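Reviewing the structure listed below.
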Amino acid sequence: MTVEGLRKYFPVKKGFFKKPDWIRAVDDVTFQVFKGETLGIVGESGSGKTTLAKLILRLIDPTTGKIYFDGTDIVGVSKKELRKYRRRMGIVFQDPSASLNPRMSIEETLRRPLIVHGIKDREEVRRRVLDILQKVGLGKEHMKKYPHQLSGGQQQRVAIARAIILNPDLVVLDEPTSSLDVSIQAQILNLLVKLQHDLNLTYIFISHDLLTVRYVSDRIAVMYLGKLVEIAEADELFYNAKHPYTATLLSAAPIPNPEVRYVKRFSLVRGEPPSPINPPPGCRFHPRCPYAISRCRTKEPVLKDVGGGHYVACHRAEELDLSEYTSGLWKIITESRVS
Amino acid sequence: MTDPLLRVVDLKTYYRTSAGLVRAVDGVSFEVYKDETFCVVGESGCGKSTLALSIIRLVPYPGEIVGGKIIYRGTDLLKLPESEMRKIRGKEIAMIFQNPMNSLNPVFTIGFQIAEPPVIHFNMDGRSAWRRAVELIGKVRMPDPEVRARNYPHVLSGGMRQRSMIAMMISCEPKLLLADEPTTSVDVTVQAQLLNLLMNIKRERRMSMVLITHNFGLVAEVCNRVAVMYAGKIVELGPVREVFRNPVHPYTRGLMKCLPIGTKRKEQLYVIPGQPPNLIEPPPGCRFHPRCPHAMEKCKKEEPPLTEVEPNHYVACYLRR
């Protein structure tokens, strides 16, 4: 899948006769997702990550831009045509208790996508529902249950089953583990990794939790106020972040190791994310960036290749050395472990 | 160590629901010392929020504190009449909640709300209370305090609202802060700033804090001692470095092992099997035994007491004895 110059602006009405303001939720985003990989997308709230997910699935229409799925631009295609592509994509949302229909049993929930996409043979439907339940670690005994009878972890398993029951190629996972407890989070992450391996799935994994994203992703894209600011191979991004915003995020993440507290590493974070309605001119991060120079205030940086598939949108990417923020963290992430 | 500021002794808070008696906090004891940050960490439903609410006696119906003592500077709070308790809340012990939008009153300016506690507790006149509120708003590092004081909560960002909550909380110079997931509703960069602010204020005014969280990252970042709760009980308690370096209880070890750190990408993560138990009928013996990889016969019958395994490091498990 390739996404090119994708934009989505939402109007904010100010009055009947006034011109609306525009929220640039996703603004000129270009990237590729390769078959079988996990692309992680991180960013704070309001950075446009969920809007991006909805655009990719064509749940909302982009303002401009192209989305190529297997070579075809799916922005222009008709509704009927789109259906063909829809069955090759699935989505899992953050809160399963909100995304599952409380009035449908698990069996009905899972049967739905099959019926919608024309699989009507009752035996086959039943077989596939059972089969998918087993794949996500549930069983026949759960078929007649309703969502409220299941725990959060089991509900999320059902949501995953629903997303993959049509054998899709691409699954968009929008914060699939954020509403779960740590012990359940690990179960779901293991399941996702296993399913990807067994079914050769491609994932787009959206989250604000850096440690989780690093764990599941092959490559990670960082978003800030609707813009893609950095994209690189996962470990490379953690070890060798080039964009000051990425380093800021990394330095702000709480690390479960009392030997390295904020006090020792916490100096990059300043300010709060501004409103996406009137983003700052130039580089959108400049008001919060300790390294900003006059050029950053006027000229918007574009994504540049800094080698090895590592792209950064920063005027000073080549000269800045952010390793003091990132390499220490890297050590903790890779080395601290309870035996 | 000196006398504790707060001593919780065998506290029991139960909810009488139609489904049965929910033993949310079931025999919890710990101390909080002066200047200390004490963390209570656990998964949802382990009783950590109920514990915090019990300390300031705000447990909602149908919950009820059914036993134990909460000794704050020598007085048992559970024996005080409600009128006396109101003099403690806000003035001696203040609390900050997860979602500031639910704790701020939408129809008053934040300046008014920050000025209110000193008026109530110290009979401060309105004008000086307002001046103080503006000063506090500056103290929590919100830009333009005079302007902000006249703002209503809805115009502020999540981080700013939580800053106003902090200002309100410290307006009467309480000695003990209770913070229940104070940063879960904000972004990481804002979270880091709020925590830094909270810790600075705490240090400056020499306050103690009880921080309730589910996030082991936060525990490691800010606290001095940590208690791990499971199914209404404390299973491990000790100095934070000791607990992280040398976790003893199988539940604590499991929680730390299942974090996605210290692993290669996509490498199988450790998993604690099963689900947290139902608190209406918790398992007999050690409540963790059905999920414990080391469970013995004894664990199924007898409840392990909290025992000191290293100096100041307590664990409720038969394994290490």
Side-chain angles (χ1 to χ4, degrees), chain A residues 38 43-47 151-154 180-187 189-190 193-194 196-197 208-218 234-235 245 248-249 251-263 266 268-273 275 288 332-339, chain B residues 42-46 157-160 183 186-193 195-196 199 213-224 226 239-247 251-276 291:
Chain A
T38 305
E44 295 179 277
S45 48
S47 63
S151 69
Q154 288 171 330
L180 305 172
D181 274 320
V182 262
S183 68
I184 310 299
Q185 207 169 339
Q187 296 175 7
L189 288 176
N190 276 345
V193 168
K194 185 172 179 298
Q196 175 168 49
H197 181 259
H208 63 273
D209 181 0
L210 286 151
L211 296 180
T212 312
V213 169
R214 181 244 157 209
Y215 170 74
V216 290
S217 306
D218 296 288
D235 286 349
Y245 178 63
T248 301
L249 273 185
S251 71
I255 305 299
N257 183 339
E259 313 294 331
V260 277
R261 296 193 160 185
Y262 278 144
V263 231
F266 174 72
L268 261 181
V269 184
R270 49 182 74 177
E272 292 188 18
S275 147
R288 299 175 73 193
I332 303 153
I333 291 167
T334 46
E335 287 171 17
S336 45
R337 175 154 215 188
V338 182
S339 50
Chain B
E43 298 184 277
S44 46
C46 73
S157 68
M160 289 296 167
T183 58
V186 298
D187 280 320
V188 271
T189 56
V190 180
Q191 164 172 291
Q193 295 174 63
L195 279 178
N196 238 25
M199 297 324 281
T213 182
H214 68 279
N215 186 335
F216 265 97
L218 286 194
V219 175
E221 294 289 357
V222 301
C223 81
N224 303 113
V226 56
V240 65
R241 288 188 170 200
E242 169 70 16
V243 171
F244 273 80
R245 210 180 295 145
N246 179 25
Y251 178 62
T252 318
R253 295 172 70 91
L255 279 182
M256 288 187 186
K257 274 205 276 191
C258 70
L259 295 172
I261 63 163
T263 61
K264 289 205 181 67
R265 289 189 298 107
K266 301 191 184 182
E267 185 180 70
Q268 176 107 34
L269 291 173
Y270 177 83
V271 162
I272 302 176
Q275 309 265 337
R291 304 175 73 187

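Sequence lines set the chain letters: A, B, ... in the order given, protein chains first and strands last, and positions in each chain run from 1. Note that the structure is a prediction, hence the values are computed from the model and not measured.
Interface remark: of the candidates Met199(B), Met160(B), Lys266(B), His214(B), Lys266(B) forms the most heavy-atom pairs closer than 4.5 Å to chain A. Interface summary for chain B: among Gln196(A), Arg214(A), Arg288(A), the most heavy-atom pairs under 4.5 angstrom belong to Arg214(A). With chain B as the partner, the residue from Leu249(A), Asp218(A), Leu210(A) showing the most heavy-atom pairs under 4.5 Å is Asp218(A). When Ser217(A), Ala234(A), Gly153(A) are compared by the number of non-hydrogen pairs under 4.5 Å with chain B, Ser217(A) comes out ahead. Contact count versus chain B (heavy atoms, under 4.5 Å) is highest, among Leu189(A), Asp235(A), Leu180(A), for Asp235(A).
Side-chain contact check for Arg265(B) and Thr38(A): no donor-acceptor pair (N or O, by modelled atom type) lies under 3.5 Å.
Closest heavy-atom contact between Ile261(B) and Pro256(A): CD1-CG, 3.8 Å. The minimum heavy-atom distance between Pro260(B) and Tyr215(A), with the atom names listed, is CB-CB, 3.7 Å. Residues Glu221(B) and Pro254(A) share a closest heavy-atom pair of OE2-CA, 3.4 Å. Nearest heavy-atom pair across Ser183(A) and Ile272(B) is CB-CD1, 3.9 Å.
Heavy-atom distances place the side chain of Leu255(B), and not its backbone, under 4.5 Å from chain A. In this structure, the portion of Gln275(B) lying under 4.5 Å from any heavy atom of chain A is its side chain and not its backbone. If you measure heavy-atom distances from Gln185(A) to chain B, you find no contacts under 4.5 Å at all. At a 4.5 Å heavy-atom cutoff, Asp209(A) makes no contact with chain B through either its backbone or its side chain. Contact annotation for Val182(A): both backbone and side-chain heavy atoms come within less than 4.5 Å of a heavy atom of chain B. Looking at Leu211(A), the atoms closer than 4.5 Å to chain B (heavy atoms on both sides) sit in the backbone and in the side chain alike.
No donor-acceptor distance shorter than 3.5 angstrom exists from the side chain of Asn190(A) to the backbone of Gln268(B), with no hydrogens or angles considered.
A 4.5 Å side-chain heavy-atom check between Glu272(A) and Thr189(B) finds every atom pair outside the cut-off. Looking at heavy atoms from C-beta onward, Pro273(A) lies in side-chain contact with Val190(B) at the 4.5 angstrom threshold.
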